[in-house]
Amino acid sequence: MGKTRAKARKEGTALLALYRRLLRTYGPQGWWPLLALHGRGTNPTKTGSIRGYHPGDYSYPKTERQRFEVCAGAILTQNTAWPNVERALVRLERSRLIDPKKIMRVEEARLRRLIRPAGYFNQKARKLKAFARFYLSLKGKVPSREQLLGVWGVGPETADSILLYAYGEPEFVADAYTKMVLSGMWLVAADASYEEVKRFCVARLPRDVQVYQELHALLVEHAKRLKEHKRSSRRPPIPPPHEKGSLRKE
DNA sequence: AACCAGGACGTGA
DNA sequence: TCACGTCATGGT
């Protein structure tokens with residue numbers, strides 16, 4: 001079933017229109033949050049955890065240490081709320097362990113204990129070890145997406161997060177929140193795959209790191225607010241039919 | 001007190 | 001390829 005030109009054009013601009021509206025409404029989000037920025041500036045997000053954001057400043061990471069911190073955070077935040085990740089990062093930093101060489105050297109049992117608040121600590125300790133080895137093997141070079149996906153514990157979203165926020169490479173992060181918002185607007189199917197959602201966005205956005213970073217962060221903020229709104233408002237006594245099935249692709 | 005969070009992996013159809 | 005179970009802590 002072919003789309004009409006009008007519909008195709010509308011869908012082509014809907015994402016950019018959404019971006020502008022979210023940016024005007026919420027302002028720049030200042031992702032990716034960094035430990036070193038704790039205590040400085042203010043956090044513009046209401047649902048965001050604490051500090052560490054740097055709204056409007058896209059010049060991070062500024063150091064190799066911050067680059068690795070973003071990578072570690074990307075792994076630690078897998079299916080985990082950011083405040084828990086932050087605790088884990090603070091504990092790592094207290095032991096001066098946000099450093100690939102030290103991650104390599106540290107005993108895995110100790111690593112597990114330190115990152116405990118982030119959950120899945122057995123898997124994530126192993127993932128950090130595997131990533132530290134890979135990171136050092138790069139010798140400062142920018143990894144390809146394929147290389148990243150070859151590392152145990154790095155999947156599509158983590159790879160894109162690392163490329164976009166740690167290396168400033170134009171890879172859009174199409175996470176669960178992105179799909180939630182876009183499928184809610186009928187722009188993508190509810191059962192679309194990660195790569196499908198990513199392709200949809202990339203095809204309709206300028207290939208611009210700042211736009212990718214900001215839109216992703218804005219979509220997360222927006223999705224959190226939508227959920228918050230849903231939670232506080234009463235549910236209909238009778239669940240609507242085909243809650244999932246109505247969003248199938250045609 | 002279930003339910004969920006900024007996923008990825010291993011397994012069996 | 002794809003659905004499903006698993007991994008684990010902390011907030012609501």
Side-chain angles (χ1 to χ4, degrees), chain A residues 22 26 29-35 43 45-50 52-53 69-92 108-109 111-131 134 145-166 171-182 189-198 201 212-233 235 239 243-245 248-249:
Chain A
L22 292 177
Y26 302 139
Q29 299 299 299
W31 279 38
W32 188 280
L34 289 163
L35 285 185
N43 176 12
T45 69
K46 309 263 190 207
T47 62
S49 60
I50 315 179
Y53 298 88
E69 178 186 327
V70 173
C71 296
I75 289 168
L76 290 173
T77 198
Q78 289 169 3
N79 202 36
T80 300
W82 184 256
N84 294 347
V85 176
E86 206 167 47
R87 287 188 191 94
L89 286 173
V90 166
R91 291 161 65 116
L92 285 176
E108 196 160 320
L111 192 54
R112 283 192 211 111
R113 186 165 53 77
L114 287 169
I115 67 173
R116 184 167 184 260
Y120 306 103
F121 49 79
N122 288 310
Q123 291 190 359
K124 284 175 178 174
R126 191 176 150 202
K127 289 179 182 183
L128 286 178
K129 286 271 190 183
F131 185 82
F134 169 74
R145 190 170 194 266
E146 290 65 36
Q147 280 180 304
L148 283 165
L149 291 174
V151 180
W152 189 86
V154 177
E157 183 183 332
T158 306
D160 289 337
S161 293
I162 288 173
L163 286 168
L164 182 60
Y165 290 106
E171 293 286 345
F172 190 76
V173 180
D175 62 16
Y177 286 147
T178 304
K179 184 156 80 177
M180 197 176 305
V181 173
L182 297 190
D191 60 352
S193 69
Y194 179 92
E195 302 294 340
E196 283 174 331
V197 177
K198 180 176 175 181
C201 294
Y212 284 7
Q213 291 187 348
E214 200 60 75
L215 176 58
H216 170 236
L218 285 165
L219 284 169
V220 172
E221 176 67 15
H222 187 55
K224 283 180 177 173
R225 295 194 188 210
L226 288 180
K227 283 200 156 188
E228 183 61 34
H229 184 264
K230 280 211 162 193
R231 220 174 291 129
S232 58
S233 63
R235 288 192 183 169
E243 196 171 2
K244 289 177 137 178
R248 295 243 175 251
K249 49 178 151 187

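The sequence lines fix the lettering, A, B, ..., with proteins before strands; numbering per chain opens at 1. Because only heavy atoms are used, hydrogens play no part in the values below, and waters and symmetry mates are left out as well, while side chains stay in.
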Could you please name the option among [options] that lies closest to any side-chain atom of [X]?
| X | options | result |
| --- | --- | --- |
| A:Gln123 | C:dC7, B:dG6, B:dA8 | C:dC7 |
| A:Arg87 | C:dA8, B:dG10, C:dG10 | C:dG10 |
| A:Trp32 | B:dG6, C:dC7, C:dT9 | B:dG6 |
| A:Tyr120 | C:dA8, B:dG6, B:dA8 | C:dA8 |
| A:Gln78 | B:dG7, B:dG6, C:dG10 | B:dG7 |

What's the separation between atom [atom1] in [X] and atom [atom2] in [Y], rounded to the nearest 0.5 Å?
| X | Y | atom1 | atom2 | result |
| --- | --- | --- | --- | --- |
| A:Arg145 | A:Ile162 | CZ | CD1 | 11.5 Å |
| A:Trp31 | A:Glu221 | CH2 | CD | 9.0 Å |
| A:Leu92 | A:Leu111 | CG | CG | 6.5 Å |
| A:Thr158 | A:Gln78 | OG1 | CD | 3.5 Å |

5'-most by nearest nucleotide on DNA chain B - A:Pro33 or A:Val151
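Here A:Pro33 is the residue nearer the 5' end.
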
Of A:Ala81 and A:Gly153, the one whose closest nucleotide on DNA chain B sits nearer the 5' end is A:Ala81

I need the [atom1]-[atom2] distance between [X] and [N], as an integer number of Å.
| X | N | atom1 | atom2 | value |
| --- | --- | --- | --- | --- |
| A:Glu196 | C:dT1 | CD | P | 12 Å |
| A:Glu86 | C:dG10 | CD | P | 14 Å |
| A:Lys127 | B:dG10 | NZ | P | 10 Å |
| A:Leu163 | B:dG6 | CG | C1' | 16 Å |
| A:Arg126 | B:dG7 | CZ | C1' | 15 Å |
| A:Ile115 | C:dG10 | CD1 | C1' | 15 Å |
| A:Arg113 | C:dA8 | CZ | P | 17 Å |
| A:Lys124 | C:dT9 | NZ | P | 11 Å |

Respond yes when some side-chain nitrogen or oxygen of [X] is under 4.0 Å from OP1 or OP2 of [N], and no when none is.
| X | N | answer |
| --- | --- | --- |
| A:Trp82 | C:dT9 | no |
| A:Ser161 | B:dG6 | no |
| A:Asn122 | C:dA8 | yes |

Open item on the list: For a quick check of understanding: with a heavy-atom distance under 4.0 Å over all strands, which category does A:Val154 fall into, base, sugar-phosphate or nothing?
Closed with: sugar-phosphate

_Regarding B:dG7, can its base be found pairing with the side chain of A:Tyr177 as donor and acceptor, where the two atoms are less than 3.5 Å apart?_
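No, the side chain and the base share no sub-3.5 Å donor-acceptor pair.
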
Provide the distance between the two C1' atoms, one in C:dC2 and one in B:dG6, to the nearest whole Å. 24 Å

Worksheet entry | Span that lies between the P atom of B:dA1 and that of C:dA8, in whole angstrom | 25 Å

Looking at A:Tyr165 and A:Gln213, would you say the former's side chain and the latter's main chain have a donor-acceptor pair under 3.5 Å?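 Side chain of A:Tyr165 to backbone of A:Gln213: a pair is present.
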
What one should report as the nearest heavy-atom pair of A:Lys124 and A:Thr80 is NZ-OG1, 2.8 Å

